[in-house]
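What follows is a set of notes on a single structure, which appears directly below.
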Protein chains: 2
Amino acid sequence: MPVTIEDLSNKLGVSRSTVSKALNDRGDVSSQTKERVTQAARELGYQPSAAARSLRRQRTDKIGLVVNYPIYRVSDFLAELIPGMATVAEEAAYNLILYTSLAGKTQGIKSLCRSREVDGIIIAWPQQLNQTVALSRLMTAEEMPHIFLPRRLPHAGLSYVATDHVQGARLLTEHLIALGHRRIGFQRLPEVYETDHDRHAGYVEALRAAGIDYDPSLVLAADSSEVDYESKSFYAFLTLPQPPTAILFFTDPMAIRALSLAREQRIRVPDDLSVAGYDGVLSSAVTAPALTTVRQPAPEIGKLAVESLLQLIAIGGGEPLQHTLPVELIARDSTGMNPRARV
Amino acid sequence: MPVTIEDLSNKLGVSRSTVSKALNDRGDVSSQTKERVTQAARELGYQPSAAARSLRRQRTDKIGLVVNYPIYRVSDFLAELIPGMATVAEEAAYNLILYTSLAGKTQGIKSLCRSREVDGIIIAWPQQLNQTVALSRLMTAEEMPHIFLPRRLPHAGLSYVATDHVQGARLLTEHLIALGHRRIGFQRLPEVYETDHDRHAGYVEALRAAGIDYDPSLVLAADSSEVDYESKSFYAFLTLPQPPTAILFFTDPMAIRALSLAREQRIRVPDDLSVAGYDGVLSSAVTAPALTTVRQPAPEIGKLAVESLLQLIAIGGGEPLQHTLPVELIARDSTGMNPRARV
DNA sequence: CACGTTTACGAAATCGATTTCGACATTGTG
DNA sequence: CACAATGTCGAAATCGATTTCGTAAACGTG
C-alpha cells in the first residue's frame, strides 16, 4: 500500500490539513513545520493519490485526444501530431489520454464529459459541420473545454487549430496547371467533411482562375467502407472515358499507395501521370518518386492545440480560440509536365 | 454540474446505496427498483465520476504507456504500436495514458506508481538491463503490474513482449553474406541496450557461421547526443580506411536517412552500397529504393502487450508473462550483390 | 399463531485528499 | 496590564462513489 497523507500526519504528529497545506504551499504553516513535512514526504516517498486529489479538486490534470485512426489513411498525420501534444501537455503537468473508439459516438463523448475523466478534449478528424456544431454544443453544455482539429470551422463560437485547406488545394491545383495539366483528377470523400469541402473549393477556384472548365466526372469519392478502397479509388480515375493526367489524393498515404499501383501497371510517374498527396507526412519525402504534397505542420498543430486547450481550461471558456497555421506546397518529383501539353 | 448519484437517489426517493447496487448489478435489489433506477439514470444521463469511483475501487481502468520518442529515430515504430494498444485497451474498458517524458527517470516512474494514476504500465524502449531490472523491482515493490517492450530480457521474473533480435540481425547478415558481402558495417548504440546487444550477437553469429572474421572497425556506435547524428553516423562508415560494402542500420528511419545521404553523394544503392534497416515500419516499403529490413510486427506486439498487461492486472502479479513474436526478413531493393564480389 | 428465513433496502463507514473556519497561543500596543 | 492583532494549527466538512452490515417487512412452516 502506498503511503497516504494520514501516514505522514501520524508520523509527524500533525494534522492532515497541515500536511496538505505545507505540501501545497497554501494556508498558514510555519516555515519550520513546512520544512519538516517536506522532509518527511521525501523520505517516505509520499505521492498524493491522483483519484483523491481529482475528486476533491474537481480536476484531473488530464486531457483527452479523440482520434479516428483507420479513416482514409490519416493515421500518419495523427501519429505525427501526438509527440508534440504530449510534450507540451507534460510540461504543463498534464497528461494525454487517447480515445480511439469514440469518434462519431455522441453518446460516448457525452459519457466522457460526465465522468470528468479529463479537463478538456481535443477532437481530431470528426464529422460533418452540423455534427461538429452539435458536438461542441454538447460539450459546452457539460462545461467541457474543447478544441477541434485541423480545419477552420465557419461557425462562431467553435475553437480550433486549423490550416487553410482551401489554400492548400489551390496551391496544388495551380502547381499542376502551371505544369500544363488541364484534366486534373480530384479525390474527395463520400461524406461532407469540412476539410473535403474546403479543398474542393480550392480546387475549383484554381481551375476557374485559369479558365479551365470544371468537369464533375474528374471528381471521384473514395469510400472507405469498401475492401481495398485505395486501389478501387485509383482505378476509378484511370478507367474514366477521358482519364486525368494528374490526380490529387486526399492524403499522402493514399497517394503513396497510388504510386505503387502505378508501378504495377507500368504507368510512369510523373511521365505518364502526375500524383500528389496532402499532409506532408515524413514518409512522403522518401517515396520513389518523392511525393508532391501540401504540408500541414503537424508538430506545430499539436503544440498549439494543447496550448489553446490549456488556455481554455485556465480561463474557463470565454472567447473561442481560433488559430490558422500556414500550409506549404512541397513540389517534388511525383508531379511533372503534362505529357499531352508537351506534344 | 454533472448529475451525481445523490441527485439520482433524491429524485427516486431511494438511497445512494440502492442506486449504486442497481447500476452495478451487485447486492440485493428488486428487479422493479433496478428497472426504475436504470431508467432514471438513462434519462438524467448519469455517469459515475471517474475520480470518486477510482478512489473507492482503488483502480483507475487506465494503463500507462511510457515511451521515449526522440531516441534513435524509433518514433515510427512506436507510432505503429499505439493504435493496436489503444484498441485492445478500449475493448476491455481501459484507456491509454501517454507518458513521453518519464523514460529513464526512475523517480518519475516511482511517482507514477504511487499516485496510482494507472493500473499498469507498459515500458517501451528503456535502459540497460541492470536499470531495467531495477525499474522492475521498483514497480513490483509498488505492486504495479508492468510489461517491457520489445525485447527478451534474460532475467527471470520480468514480463515482456518481445521479438528475437538475435535472429533478426542474423537474418539480415546472412542475407547480405548470401549476396557476396564480406565487409558488413554494423551500426550499434552507444549505450548497452539489450536490443543492441542481441542484434550484435546475431551479427557476430552469422559472420562466424560463414567463416568471416569479425572486424571491430566495422562496428560503429551512433550517438544521439550529437547534432544530426544520423549523417555523422553514415559518414563514419564511408570514411573508414576500408569502407564496408553494406551497412546495417539500427532503425528504418536511420537507414532511410542514409538512403537520401547516399543520393546526395551520388552513391548508388544498392549498386555501390547495400543498406538495410530494422523494424519494418510502413514507410520502409515506399522508399527509393525500397528498404530491406526485418519486420517486427508492431500491431501484434502492441495488442499482445496490452493483453498481457491486463492479464497481470487481473491476476495480480503471479508468474511473469514472456512472449516472443516472430520476425521476418523483408528483402527489398536497397540490398544487392557485392560489387567487388561480382568482378 | 409463533418463529425462523428470505428479501429489499438504507445508514454509515470508507477511499485520500483539500479547504474552511474556529481556537488557541503569541506578539504588539496604548 | 488589558486588549487587539497576528500567526499556527487542527477538527470537521466535503468531493462522489462503493460496500458492509443491520433492520424491517414479507414469507413460509409446523
Side-chain angles (χ1 to χ4, degrees), chain A residues 1-38 40-41 44-62 93 111 113-119 142-143, chain B residues 1-38 40-41 44-62 93 111 113-119 142-143:
Chain A
M1 277 305 113
V3 10
T4 69
I5 198 172
E6 176 106 45
D7 300 335
L8 249 185
S9 77
N10 285 341
K11 180 188 158 93
L12 288 169
V14 299
S15 73
R16 303 196 308 259
S17 21
T18 303
V19 174
S20 173
K21 283 182 289 191
L23 293 176
N24 293 298
D25 238 335
R26 216 181 314 253
D28 316 312
V29 185
S30 75
S31 54
Q32 306 178 42
T33 359
K34 189 181 294 184
E35 182 51 40
R36 281 181 60 219
V37 172
T38 315
L44 270 64
Y46 168 71
Q47 192 69 27
S49 146
R53 167 172 279 185
S54 292
L55 178 58
R56 177 63 230 220
R57 287 198 173 162
Q58 300 287 67
R59 46 178 287 197
T60 60
D61 299 311
K62 313 221 168 307
S111 299
C113 292
R114 300 221 148 167
S115 73
R116 294 279 138 185
E117 284 180 27
V118 294
D119 296 341
E142 304 290 341
E143 296 179 70
Chain B
M1 280 300 117
V3 12
T4 71
I5 198 171
E6 176 106 42
D7 301 333
L8 248 186
S9 77
N10 284 341
K11 180 188 156 95
L12 287 169
V14 298
S15 73
R16 303 197 308 260
S17 22
T18 304
V19 174
S20 175
K21 284 182 288 190
L23 293 176
N24 293 298
D25 239 335
R26 217 179 317 250
D28 316 311
V29 185
S30 74
S31 53
Q32 305 177 41
T33 4
K34 187 180 296 183
E35 181 52 38
R36 280 180 60 219
V37 172
T38 315
L44 270 65
Y46 167 71
Q47 192 69 27
S49 145
R53 168 173 276 182
S54 291
L55 178 58
R56 177 65 230 219
R57 288 199 173 160
Q58 300 286 68
R59 45 179 287 198
T60 61
D61 299 312
K62 314 222 171 304
S111 298
C113 291
R114 299 220 150 167
S115 72
R116 293 279 137 185
E117 283 180 29
V118 294
D119 296 341
E142 303 291 341
E143 298 180 68

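In the text below, chain A, chain B and the rest are named by the order of the sequence lines, each starting its count at 1.
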Among C/dC9, D/dT18, D/dG10, the one nearest B/Val29 by side-chain distance: C/dC9
A/Gln58 side chain near D/dG16 phosphate (N/O to OP1/OP2, under 4.0 Å): yes
Would you say A/Arg56 places a side-chain N or O within less than 4.0 Å of OP1 or OP2 belonging to D/dT14? no
For D/dG10 and A/Ser15 - does any side-chain N or O of the residue sit under 4.0 Å from the phosphate oxygens OP1/OP2? yes
So, is B/Ser20 close to the D/dT19 phosphate, meaning a side-chain N or O under 4.0 Å from OP1 or OP2? no
Nucleotide nearest B/Lys21 (side chain, heavy atoms from C-beta), chosen from C/dG10, C/dA17, D/dG10: C/dG10
OP1 or OP2 of C/dT18 sitting under 4.0 Å from any side-chain N/O of A/Arg16? no
Would you classify B/Gln47 as touching base, sugar-phosphate or nothing, given that sugar-phosphate means primed atoms plus P, OP1 and OP2, and contacts are heavy atoms under 4.0 Å? sugar-phosphate
Answer yes or no: does a side-chain N or O of B/Ser17 lie under 4.0 Å from OP1 or OP2 of C/dA12? no
Please confirm whether the shortest side-chain N or O distance from A/Arg57 to OP1 or OP2 of D/dC15 is below 4.0 Å. no
What's the shortest heavy-atom distance between A/Leu44 and A/Val3, and which atoms? O-CG1, 3.4 Å
Need one value for A/Thr33: base, sugar-phosphate or nothing, where a base atom within 4.0 Å counts as base even if backbone is also close, heavy atoms only. sugar-phosphate
Between B/Glu142 and B/Arg114, is there a salt bridge with N-O shorter than 4.0 Å? yes
Salt-bridged, A/Asp61 to A/Arg53, with N to O below 4.0 Å? no
So which one's nearest nucleotide on DNA chain D is more toward 5', B/Asp28 or B/Ser49? B/Ser49
Can you see if the side chain of A/Tyr46 gets near the phosphate of C/dA17 - specifically, an N or O under 4.0 Å from OP1 or OP2? yes
Would B/Glu6 and B/Arg16 pass as an ion pair if we require N to O under 4.0 Å? yes
